[in-house]
Amino acid sequence: MKDLAALGEFGLIDLIRARFPQPVAPELGIGDDAALLSPSVGSQVVVSTDLLTEGVHFDLSFGPDRLLGRKALAVNLSDIAAMGAVPRWFFLSLAIPAGFALETLEGLLDGLAEQAAEHRCMLAGGDTCGSKGGLTISVTIMGEQQPAHILKRSGARPGDEIWVSGTLGDAALGLQQLLEGKRLGLADGALILRQLDPAPRCRLGVLLAEAQLVNAMIDISDGLLADLGHICEQSGCGAEVTLNHLPLSAAFRSAVAHQADLPWSLALCGGEDYELCFTAPPAHHAAILAVAKTAGIPVTVVGKVTGSGQVQAILPDGTIFKPSRSGYTHF
Ligand code: ADP
Ligand code: MG
């Protein structure tokens with residue numbers, strides 16, 4: 001079987017290129033010194049980048065390589081969704097250790113290609129080099145949207161309802177199960193799948209933005225409390241979250257059923273759900289439910305924006321919740 005050394009840098013780039021449809025003239029993708037891209041007239045280009053490092057963001061033993069490829073693009077798609085923009089192009093940079101299994105790399109590329117096709121996002125270039133450490137995958141994504149529709153973190157207003165899509169805490173609980181040695185394919189893998197194969201809320205993000213119903217939006221990568229905190233900080237306001245209203249999946253509830261207290265910290269501070277959190281005037285409540293129905297993603301009001309500078313979570317007994325963990329921080 002062919003290995004990475006035999007393939008070489010340019011052989012690998014050819015192998016990558018073969019998996020992805022390429023932009024057509026007047027656009028230009030892989031193969032020149034730079035890509036040429038043509039955003040739609042009147043649109044702003046929305047750009048985001050994410051770095052995934054082995055040992056920090058992923059463990060190759062946790063699941064199929066294909067899912068790691070899907071996730072590498074999903075986390076970037078989620079950032080574009082959180083701006084209310086449409087994903088268009090991405091760049092893929094790889095730092096690969098010598099002797100790295102070509103099969104693993106191919107699985108990863110298959111997953112990336114699958115996710116890219118699902119979201120009609122085109123690979124337009126990248127960079128490839130060796131690594132003295134583990135595998136590093138960097139994706140830079142570009143999307144577009146008309147300036148008037150783009151949603152920032154800074155637009156929340158006191159009195160807004162705070163909404164979240166989908167359910168919270170599943171990915172964090174899935175990671176716990178992986179760390180306990182559980183793997184996909186054994187028993188109920190629903191939570192593990194939410195950790196390994198998150199679904200970016202692209203359609204919901206764009207529909208909400210284009211309906212002009214929402215004041216501020218963010219994707220939940222570091223936990224609701226931390227990410228809602230970013231909205232509040234940039235909007236100059238506070239928030240009150242009602243824990244009783246947090247949307248929890250049936251898989252989450254059954255996995256924690258043996259515990260005396262619900263693990264609120266997981267739902268409130270657990271990362272990597274890649275759901276959307278947004279704030280909107282209460283007058284838009286019914287219209288938002290209708291948009292979410294069109295997108296096929298449930299949405300739930302979990303609290304309200306306040307004029308204070310604090311982000312607080314209220315327990316079912318009315319007392320203020322003190323999380324036992326905060327969102328993930330690197331240093
Ligand atoms: P340069 O030497 O100018 O950096 P490269 O030889 O690295 O150019 O890249 C040649 C072409 O292959 C470029 O179009 C680049 O975008 C593309 N490319 C390199 N690595 C990747 C990758 N990992 N994924 C996608 N395209 C890549
Ligand atoms: Mg290069």
Side-chain angles (χ1 to χ4, degrees), residues 1-40 45-60 63-81 85-144 196-198 200 202:
M1 206 186 97
K2 216 164 182 189
D3 65 12
L4 205 51
L7 206 56
E9 180 185 341
F10 298 105
L12 177 59
I13 294 173
D14 286 341
L15 187 133
I16 293 172
R17 191 199 329 228
R19 277 184 165 70
F20 296 85
Q22 284 296 294
V24 292
E27 299 202 321
L28 185 62
I30 294 174
D32 213 309
D33 296 309
L36 292 173
L37 308 172
S38 311
S40 309
V45 177
V46 179
V47 189
S48 179
T49 190
D50 260 300
L51 194 60
L52 299 180
T53 339
E54 193 175 348
V56 178
H57 299 95
F58 63 88
D59 182 325
L60 288 164
D65 311 317
R66 188 178 64 83
L67 294 190
L68 180 59
R70 288 183 62 86
K71 184 167 176 176
L73 189 54
V75 301
N76 284 274
L77 287 163
S78 180
D79 282 319
I80 296 297
V86 179
R88 293 290 311 273
W89 309 278
F90 73 106
F91 293 80
L92 171 67
S93 295
L94 297 168
I96 310 166
F100 195 83
L102 191 55
E103 204 184 357
T104 303
L105 216 47
E106 289 193 277
L108 204 128
L109 292 169
D110 287 342
L112 272 161
E114 213 178 89
Q115 189 77 279
E118 280 170 27
H119 290 91
R120 289 192 262 156
C121 192
M122 210 164 265
L123 180 64
D127 201 17
T128 307
C129 68
S131 166
K132 299 274 184 208
L135 177 71
T136 294
I137 309 164
S138 169
V139 172
T140 299
I141 194 166
M142 304 173 77
E144 62 177 16
L196 296 179
D197 190 19
C202 294

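What you are looking at is a predicted structure, and each value in this text was computed from that prediction instead of being measured. Just follow the structure's listing: the first ligand is 1, and inside any ligand the first atom is 1.
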Handout entry: Expected output: side-chain T49 to main-chain V139 donor-acceptor under 3.5 Å
Key = yes

Practice task
Any atoms of ligand 1 less than 4.0 Å from a non-hydrogen atom of G31? List them with their elements.
Solution key: 11 (C), 13 (C), 14 (O)

Exercise for the section: Give a yes or no answer on whether the side chain of R17 reaches the backbone of I30 with a donor-acceptor pair at less than 3.5 Å. Expected result: yes

Fill in the blank from the handout: The salt bridge (charged side-chain N to carboxylate O under 4.0 Å, His left out) partner of R66 among E103, E114, E106 is E114

Completion exercise
Going by the 4.0 angstrom heavy-atom rule, the piece of L12 near ligand 1 is neither

Practice task
Could you tell me whether D197 and R70 have a side-chain N and a carboxylate O separated by less than 4.0 Å?
Solution key: yes

Handout entry: Subset of ligand 1 atoms that lie under 4.0 Å from at least one heavy atom of I30
Key = 12 (O), 14 (O), 17 (C), 25 (C), 26 (N)

Exercise for the section: Nearest heavy atom to atom 22 (C) of ligand 1 wins, so pick from L92, L112, L94. Expected result: L92

Problem - Option whose closest heavy atom lies nearest to atom 16 (O) of ligand 1, chosen from G29, G126, A34 - result: G126

Problem - Numbered atoms of ligand 1 (with element) below 4.0 Å of T128, judged on heavy atoms - result: 19 (C), 20 (N), 21 (C), 22 (C), 23 (N)

Handout entry: Short side-chain to backbone donor-acceptor contact, Q22 and L123, under 3.5 Å
Key = yes

Fill in the blank from the handout: One should read off an interatomic distance between L109 CG and D65 CG, to the nearest 0.5 angstrom, of 10.0 Å

Exercise for the section: Look at atom 12 (O) of ligand 1 and find which of I13, D127, L109 reaches it with the closest heavy atom. Expected result: I13

Exercise for the section: Could you tell me which atoms of ligand 1, counted from 1 in the order shown, lie closer than 4.0 angstrom to a heavy atom of I16? Expected result: 22 (C), 23 (N), 24 (N)

Fill in the blank from the handout: So for F10 against ligand 1, with non-hydrogen atoms under 4.0 Å, the contacting part is side chain

Problem - Test item: V45 and L37 side chains (from C-beta on) under 4.5 Å apart, heavy atoms - result: no

